[in-house]
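Below is one structure, written out as structure tokens, with a few remarks after it.
Every number for a ligand or one of its atoms is a count from 1 in the order of the listing.
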Amino acid sequence: MLFKLLFLLLALAPASIYALEDTVFNDDVLGLIVFKAGLQDPMGKLVTWNEDDQTPCNWIGVKCDPKTNRVSELVLDGFSLCGHIDRGLLRLQFLQKLSLANNNFTGTVNSALSHLANLQVIDLSGNSLSGTIPQQLFLQSGSVRLVSFAKNKLTGNIPQSLTTCFSLELLNFSSNHLSGKLPSGLWYLRGLQSLDVSHNLLQGHIPPGIQNLYDLRFLSLHKNRFSGKLPEDIGGCLLLKSIDFSENILSGALPHSMQMLTSCTYLNLRGNSLTGELPPWIGELKNLETLDLSSNNFSGRVPSSIGNLQLLKSFNVSMNYLTGSLPESMANCNSLFSIDASHNHLSGNLPSWMFRGAMPSVPLSSQRLGENLSSPASLGSLQVLDLSSNVFCGHIPSNVGELGNLQLLNISRNHLVGCIPGSIGELKSAYALDFSVNQLNGSIPAEIGGAILLEELRLEQNFLAGEIPVQIHKCSLLSSLILSHNNLTGPIPAALANLSNLENVDLCFNRLSGSLPKDLINLSHLLSFNISHNHLEGELPVGGFFNTISPFSISHNPSLCGAAVNTSCPSLHPKPIVLNPNSSDTNGNSPSHNHPHQIILTISSIIAIAAASFILLGVVAVTILNIHARSSHSRSAALVLSAGEDFSCSPKTNPEYGNFVMFSGDAEFVVGAQTLLNKDAELGRGGFGVVFKTVLRDGCLVAIKKLTVTSLIKSREDFESEVKKLGQIRHHNLVALEGYYWTASMQLLIYEYLPSGSLYKHIHDRTGGNCLSWRQRFKIVLGMAKGLAYLHHNGIIHYNLKSTNVLIGSSGKPKVGDYGLARLLPMLDRCILSSKIQSALGYMAPEFACKTVTITDKCDVYGFGILALEVVTGKRPVEYMEDDVIVLCDMVRAALDEGMVEQCVDERLRSNFRIEEAIPVMKLGLICASQVPSNRPDMNEVVNILELIQSPSEADEELE
Ligand SMILES: *[C@@H]1O[C@H](CO)[C@@H](O)[C@H](O)[C@H]1NC(C)=O
Ligand SMILES: *[C@@H]1O[C@H](CO)[C@@H](O)[C@H](O)[C@H]1NC(C)=O
Ligand SMILES: *[C@@H]1O[C@H](CO)[C@@H](O)[C@H](O)[C@H]1NC(C)=O
Ligand SMILES: *[C@@H]1O[C@H](CO)[C@@H](O)[C@H](O)[C@H]1NC(C)=O
């Protein structure tokens with residue numbers, strides 16, 4: 001065999017080809033084996049090709065003529081073969097069809113193929129052939145019917161010799177790099193049925209004479225550089241079904257002869273510079289299914305004869321200079337599924353006939369339409385309607401919902417006014433609605449929820465008002481929601497968080513208010529979320545997309561807080577404390593002396609500490625909760641009042657019902673529990689419960705705290721005796737407990753209501769512009785100290801000091817609230833205290849973290865020390881900066897060591913403070929915040945010291 005091959009390789013030197021023609025052994029086997037030998041066959045497609053076989057007729061891809069037993073067809077399409085198209089093939093003298101499409105053949109087209117005199121079909125499409133198409137290839141190819149070199153890398157001109165292939169029916173050179181002109185002789189190939197030279201670099205005018213191709217059915221010159229006019233005589237090609245001249249630089253008007261092309265189903269002239277009006281004869285092209293005249297320079301009106309195109313499915317005239325409106329006759333084109341008339345100068349009202357659904361309707365005036373009224377005129381099958389960027393005016397027709405098959409409706413960038421009709425909810429197939437950049441007003445109809453397949457909703461740049469309808473959550477596929485630049489008010493509906501496919505949300509430049517739903521962080525596909533220029537407030541959601549949200553997306557919402565806007569929120573602090581490694585240091589040294597670099601903790605270390613302590617606290621809390629839930633269950637089973645029930649008229653004496661007790665006199669709630677404890681009345685939340693504002697029957701305003709640690713509460717008897725003790729505490733620097741309400745499932749504490757808000761608000765809320773004066777601040781520090789001293793005197797530890805728990809009464813008097821609640825717990829477990837009460841970062845005495853130290857009222861002294869520093873400096877106990885965390889007491893301590901402590905005083909006071917008071921107060925604060933409890937003074941001593949610090953003149957004033 002090796003010998004045979006060797007012989008063949010030698011024999012196939014060009015000079016020997018003819019000498020070999022009359023050899024006796026089967027040329028076909030050898031020819032194919034040589035062809036195979038020059039190839040790579042990574043998929044092993046040609047393994048059946050065995051050189052020892054007598055005949056190749058059973059080989060895969062090979063077909064023989066049964067009479068001669070010689071190879072007539074070689075079809076190796078899609079075999080992943082690589083290599084050159086070898087001369088071995090030249091042995092196949094009886095080959096009629098050679099199809100090597102969609103392989104990886106490289107090199108040039110071998111001109112010797114022309115020696116295969118019987119060849120009728122050459123399909124080399126979809127390879128990587130390069131170089132030019134050889135002239136000689138077509139010189140002796142009188143029998144070739146089909147030539148396809150499509151999708152290769154061929155360059156150069158289309159060879160003139162092609163024009164001698166008189167049998168040619170199909171010529172496909174599409175998707176190469178061919179250049180030069182179309183050979184004019186092409187029009188002599190009278191048998192040509194398909195000519196495809198699309199996607200090349202051909203140029204010049206289209207030569208005249210195309211009408212000779214009277215058998216032509218398919219013509220594509222798409223995407224070349226042909227210039228000049230459309231061929232005037234094209235109408236001679238009467239059988240043309242598909243015409244594509246798109247994306248060239250053709251100019252001039254549509255040739256008149258075109259009206260003869262009545263077989264034509266596809267006419268694409270997109271992307272040229274064609275001019276003139278759309279001729280009325282276009283209605284003669286009765287078989288047209290696709291008419292694309294987009295991106296040209298057509299002007300004038302769309303002729304009403306368009307209505308004669310009964311089979312028209314796709315009508316595209318976008319990006320021209322068309323005027324007037326679309327003719328009503330188009331309602332007759334009831335096969336239409338796509339109308340694109342965008343980017344023109346179309347005017348008038350949006351025609352309501354356009355939206356007439358498939359339901360039977362009154363036939364149009366027969367005069368106007370002439371013929372053909374057999375079917376009801378409607379565009380019921382319409383799937384795409386794009387009328388954007390015109391000058392349409394008037395209202396959106398209310399019957400817009402009748403087009404039940406509509407998938408895309410774009411009427412953006414017009415001059416439309418009025419409301420969006422509720423019938424858009426009937427667009428059950430729509431995936432995109434774009435009404436943007438009009439002058440629409442009214443609100444977004446709640447019916448939008450009916451458009452259940454909606455993926456994109458664009459209503460930006462209108463005058464829409466009202467709220468974003470919550471029903472939008474029914475559009476569960478929504479991925480783009482663009483409502484920017486309107487006048488929308490109200491909150492961002494929480495239900496938005498259920499739209500899990502949301503990617504782009506733009507709500508900027510509206511008047512939205514309220515806080516952002518926390519669950520928005522679950523939107524895992526979000527790419528953008530722009531809420532800038534609104535009136536949103538509260539905390540930005542933490543997590544997910546919102547951790548990396550761009551500052552521009554949230555800017556200009558004055559009350560929005562969170563890390564991304566560089567404003568920390570009152571409730572944003574993570575629960576656990578910043579542990580100071582020196583908290584067990586008992587030698588009394590201030591830790592900062594030893595470790596001056598600990599002032600700034602990195603975020604990551606805080607998170608690590610926080611996470612560890614959080615897990616520990618969580619485990620213990622859950623255990624305790626479980627134990628208590630089990631033991632209290634049997635006891636509470638008999639009690640019927642639940643939090644949701646109305647208790648305003650419950651008989652006080654019946655033990656089955658809740659007991660409402662006021663310490664001074666009698667009062668009753670005006671309203672029931674539902675209204676009492678609703679969200680609007682909510683004043684705030686703490687570790688122990690939620691506080692609501694309500695009015696009693698006697699007209700007094702009170703604050704009601706609904707305890708949320710129900711399962712930790714003691715028995716009713718213990719609860720009542722503790723609460724009564726707290727009720728006896730009366731001091732003008734303490735918020736008075738006025739009464740309580742008890743059932744097994746709900747406990748309320750009724751407090752005096754102070755309208756001015758918390759100390760936190762007075763210090764840190766910078767929106768008001770008012771800033772506490774030095775005198776007010778000193779009064780607050782002293783008042784807090786007096787309140788705490790009174791508490792301690794009565795044996796009550798506060799446990800939960802922080803600036804949100806200090807309220808400011810009339811005339812600026814501070815009142816400490818939320819005291820003693822830990823007494824309601826069945827046991828004083830420091831873990832529960834840590835997790836439930838002492839949740840405010842920075843105020844918590846270090847001994848909470850140390851199991852061996854008993855907790856005394858000195859923990860309140862620590863908290864007071866931090867509060868005093870907070871009041872003087874105007875800074876939070878822990879401030880989150882860009883990349884690190886500043887712990888207030890460490891900062892003041894360091895400044896004191898460096899002799900610059902006066903720089904710590906709140907800069908908003910400028911120089912309007914008494915330095916002789918401010919520095920001692922800060923020093924006192926630091927002493928109170930000593931790491932070791934025994935180093936801290938008693939609250940009584942604190943009061944005495946503060947009274948000494950106070951300037952004599954001010955103290956006198958105080959007495960008045
Ligand atoms: C052609 O070859 C290239 C690399 O040579 C390879 O990446 C590609 O998959 C091949 N194509 C086919 C159809 O085998
Ligand atoms: C030409 O070849 C391309 C690529 O194979 C194909 O998409 C196109 O339909 C062919 N044209 C004709 C007229 O057969
Ligand atoms: C088509 O319109 C464009 C834009 O107005 C213009 O630049 C171009 O010259 C026009 N072409 C013809 C052929 O009128
Ligand atoms: C937005 O609404 C407010 C109040 O309803 C109104 O005064 C204002 O003119 C509206 N703005 C626009 C652009 O419609």
Side-chain angles (χ1 to χ4, degrees), residues 61 73-82 85 96-106 109 113 119-133 137-138 141 144-159 162-163 165-179 182-183 186-187 189-202 206 210 212-224 226 231 234 237-248 261 263-271 287-290 292 314:
E73 292 188 11
L74 184 59
V75 180
L76 307 178
D77 294 359
F79 277 21
S80 299
L81 303 172
C82 321
I85 298 174
Q96 296 177 0
K97 176 171 182 181
L98 174 62
S99 186
L100 305 176
N102 302 319
N103 283 287
N104 243 346
F105 286 106
T106 50
V109 179
L113 283 175
L119 212 49
Q120 297 179 10
V121 174
I122 312 174
D123 187 352
L124 306 181
S125 61
N127 282 288
S128 299
L129 299 170
S130 54
T132 57
I133 304 172
L137 186 62
F138 299 107
S141 309
V144 172
R145 290 187 297 110
L146 184 149
V147 173
S148 178
F149 295 161
K151 286 198 184 157
N152 278 287
K153 298 171 180 165
L154 299 171
T155 52
N157 297 345
I158 297 178
L162 192 63
T163 63
C165 298
F166 289 113
S167 308
L168 207 56
E169 292 169 10
L170 184 144
L171 182 63
N172 194 344
F173 286 164
S174 110
S175 302
N176 279 287
H177 309 305
L178 298 174
S179 54
L182 269 193
L186 220 46
W187 304 150
L189 303 176
R190 288 173 186 271
L192 206 57
Q193 297 178 8
S194 293
L195 174 61
D196 190 347
V197 293
S198 58
H199 289 276
N200 277 290
L201 309 169
L202 298 167
I206 301 167
I210 195 169
N212 294 331
L213 303 183
Y214 49 74
D215 221 5
L216 195 64
R217 289 125 208 260
F218 183 101
L219 174 64
S220 179
L221 273 53
H222 163 68
K223 219 167 179 9
N224 278 283
F226 289 115
I234 191 161
C237 309
L238 288 175
L239 299 182
L240 263 177
K241 282 183 75 97
S242 173
I243 305 173
D244 194 343
F245 286 111
S246 60
E247 294 181 51
N248 281 287
L261 301 174
S263 305
C264 190
T265 60
Y266 181 93
L267 177 57
N268 191 347
L269 306 175
R270 179 186 72 227
N287 282 303
L288 268 190
E289 294 175 7
T290 300
D292 190 344
S314 170

N or O contact, S125 vs ligand 2, cut-off under 3.5 Å: no

Mutual orientation of the aromatic rings belonging to F138 and F149 [parallel < 30°, tilted 30-60°, perpendicular > 60°]: tilted

Polar side-chain atom of S220 near backbone of D196 as donor-acceptor pair, under 3.5 Å: no

Identity and separation of the nearest protein heavy atom to atom 4 (C) of ligand 2: A150 CB, 3.9 Å

The single option from N172, L124, L170, L171 passing side-chain contact (heavy atoms from CB on, under 4.5 Å) against V147: L171

Atom 12 (C) of ligand 2: nearest protein contact (heavy atom, Å): N172 ND2, 3.4 Å

Test item: N176 side-chain N/O and L178 main-chain N/O as donor-acceptor pair under 3.5 Å: no

Passing candidate, side-chain contact (heavy atoms from CB on, under 4.5 Å) with L100, options I122, V75, L76, D77: L76

Protein non-hydrogen atom found under 4.0 Å from atom 9 (O) of ligand 2: no

Per-atom contacts, ligand 2 versus F218 - under 4.0 Å to a heavy atom: 13 (C)

